[in-house]
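Notes to accompany the following structure.
Whatever order the structure lists them in is the order used to number ligands and atoms, beginning at 1.
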Amino acid sequence: MKIALISPPASGKGTQAKWISRKFDIPRISTGAMLRKHVADRTEVGMLAQEDMNQGKLVSDDIVIKMMEARLRKEDCKNGFLLDGYPRTMRQARALESTEVPDVVLYLEVGDEEIVRRMSGRRVCPNCEAVYHIINDPPESEDVCDKCGSKLIIREDDKEETVRKRLEVFKEETSPLVSFYTEKGILRRVEASGSIEETRNNAERALEQLGNL
Ligand code: AMP
């Protein structure tokens with residue numbers, strides 16, 4: 001099964017991606033996580049990507065498309081994959097068409113104010129990438145990662161001003177993909193403004209309706 005997730009920031013994409021990848025036994029490929037690793041490792045890609053990421057902008061298509069083409073050629077993608085955050089522009093979607101057409105694209109829908117509210121409580125672990133929310137999903141001790149004990153941080157691109165910028169970018173660059181995949185008949189809308197469990201149930205229902213894809 002080849003699945004792509006399209007969603008505005010803070011739609012719970014990462015959280016949903018985890019169970020979907022387990023359920024279908026397919027690798028979760030997060031472009032955001034791959035780019036953050038490049039930044040942490042100070043690679044050439046990381047140097048080029050860092051500023052755009054910190055400002056809530058998209059990293060250039062050339063970089064991301066090249067990175068993803070190499071990733072999708074790997075052995076573990078033979079039986080499918082879950083794309084978490086790719087494609088995000090029409091150019092990326094067209095590049096994907098020429099290599100790997102998704103079977104289904106899930107669009108997680110959340111209202112703008114809910115997104116900003118969620119982002120302001122988000123904390124992430126800089127070491128293992130675990131994600132928490134100070135109200136909805138707090139760690140056992142304040143600001144400490146349950147999994148590895150590192151001190152939690154607010155990601156630079158989760159700050160309110162940056163979130164608003166990311167929303168703007170989403171509307172301009174990514175939302176055209178919704179019509180693109182709707183026309184192809186492979187887009188499934190998933191209501192994602194409720195709790196993690198409600199969103200999961202909605203996504204499960206959308207995936208069940210696919211039958212034996
Ligand atoms: P995410 O973890 O998916 O929210 O991604 C974090 C940041 O990485 C985004 O705000 C972008 O700056 C960058 N990024 C992730 N995926 C892409 C993509 N497909 N195209 C361009 N930039 C991306």
Side-chain angles (χ1 to χ4, degrees), residues 2-18 20-21 27-41 43-72 81-100 102 105-110 112 115-116 118-133 152-178 180-181 192:
K2 297 175 198 165
I3 308 175
L5 284 180
I6 295 186
S7 65
S11 56
K13 175 167 63 72
T15 309
Q16 302 299 330
K18 278 185 210 146
I20 297 173
S21 135
R28 169 190 172 199
I29 303 176
S30 158
T31 39
M34 288 168 79
L35 290 166
R36 282 190 288 280
K37 170 107 177 54
H38 275 288
V39 171
D41 293 348
T43 66
E44 200 185 331
V45 165
M47 300 289 184
L48 293 168
Q50 184 165 29
E51 200 176 325
D52 284 335
M53 291 175 79
N54 284 348
Q55 291 175 5
K57 294 183 190 159
L58 292 183
V59 173
S60 96
D61 281 336
D62 289 334
I63 293 179
V64 177
I65 290 171
K66 201 164 150 209
M67 181 178 87
M68 287 304 280
E69 284 180 348
R71 178 66 187 87
L72 290 170
F81 45 75
L82 172 68
L83 301 180
D84 169 356
Y86 186 83
R88 261 169 148 122
T89 65
M90 280 306 296
R91 229 188 104 198
Q92 293 176 15
R94 293 208 181 90
L96 188 61
E97 289 294 290
S98 64
T99 47
E100 297 282 357
V105 176
L106 292 182
Y107 171 35
L108 303 182
E109 290 186 283
V110 191
D112 292 2
I115 288 172
V116 174
R118 284 185 188 181
M119 295 297 253
S120 57
R122 197 151 104 137
R123 301 290 180 273
V124 296
C125 174
N127 181 42
C128 72
E129 289 235 331
V131 180
Y132 301 86
H133 190 280
L152 301 178
I153 56 162
I154 301 178
R155 233 164 64 183
E156 194 61 37
D157 57 355
D158 281 347
K159 298 191 172 146
E160 179 164 342
E161 202 188 305
T162 321
V163 173
R164 295 210 179 263
K165 174 73 194 163
R166 289 172 75 192
L167 267 175
E168 220 177 88
V169 169
F170 176 80
K171 284 185 184 147
E172 275 170 27
E173 309 254 19
T174 310
S175 62
L177 270 61
V178 173
F180 178 74
Y181 287 120

Students should be able to answer this: which protein heavy-atom is nearest to [atom], and at what distance?
| atom | result |
| --- | --- |
| atom 4 (O) of ligand 1 | Arg166 NH2, 2.8 Å |
| atom 8 (O) of ligand 1 | Met53 CE, 3.4 Å |
| atom 5 (O) of ligand 1 | Gly32 CA, 3.5 Å |
| atom 23 (C) of ligand 1 | Leu35 CD1, 3.8 Å |
| atom 18 (C) of ligand 1 | Arg88 CD, 3.4 Å |
| atom 2 (O) of ligand 1 | Arg36 NH1, 3.0 Å |
| atom 22 (N) of ligand 1 | Val59 N, 3.1 Å |

Please report the shortest heavy-atom distance between [X] and [Y], naming the atom on each side.
| X | Y | answer |
| --- | --- | --- |
| Pro27 | Arg71 | CB-NH2, 4.1 Å |
| Tyr181 | Pro87 | OH-CG, 3.4 Å |
| Asp52 | Ser60 | OD2-N, 4.3 Å |

Using a heavy-atom cut-off of under 4.0 Å, does the side chain or the backbone of [X] touch ligand 1, or both, or neither?
| X | value |
| --- | --- |
| Leu58 | both |
| Val64 | side chain |
| Lys57 | backbone |
| Arg155 | side chain |

Minimum side-chain heavy-atom gap Arg122-Pro9 below 4.5 Å: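 Not touching, per the 4.5 Å side-chain cut-off.
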Per-atom contacts of ligand 1 with [X], taking only distances under 4.0 Å to non-hydrogen atoms:
| X | value |
| --- | --- |
| Gln92 | 18 (C), 19 (N), 20 (N), 21 (C) |
| Thr31 | 15 (C), 16 (N), 17 (C), 19 (N) |
| Tyr86 | 19 (N) |

Lys13 heavy atom under 4.0 Å from ligand 1: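 For ligand 1, residue contact (heavy atoms, under 4.0 Å) with Lys13 is present.
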Partner of Glu129 under salt bridge (Lys or Arg N to Asp or Glu O under 4.0 Å), chosen from Lys37, Arg123, Arg36: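 Going through Lys37, Arg123, Arg36 one by one, the salt bridge (Lys or Arg N to Asp or Glu O under 4.0 Å) with Glu129 is satisfied by Arg36 alone.
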Ligand 1 N/O within reach of Gly56 N/O, cut-off under 3.5 Å: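 Among all N and O atoms of Gly56, none is under 3.5 Å from an N or O of ligand 1.
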N/O donor-acceptor pair under 3.5 Å between Gln16 side chain and Gly12 backbone: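 No; judged by distance alone, with no hydrogens or angles, the pair does not exist.
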salt_bridge([X], [Y]) N-O dist < 4.0 Å:
| X | Y | value |
| --- | --- | --- |
| Arg166 | Asp158 | yes |
| Glu168 | Lys165 | yes |
| Asp84 | Lys18 | no |

Heavy atoms from other residues, nucleotides or ligands near CD of Glu69 exceed 12 (cutoff 6.0 Å):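 Yes - once you tally the heavy atoms of other residues, nucleotides and ligands closer than 6.0 Å, there are more than 12.
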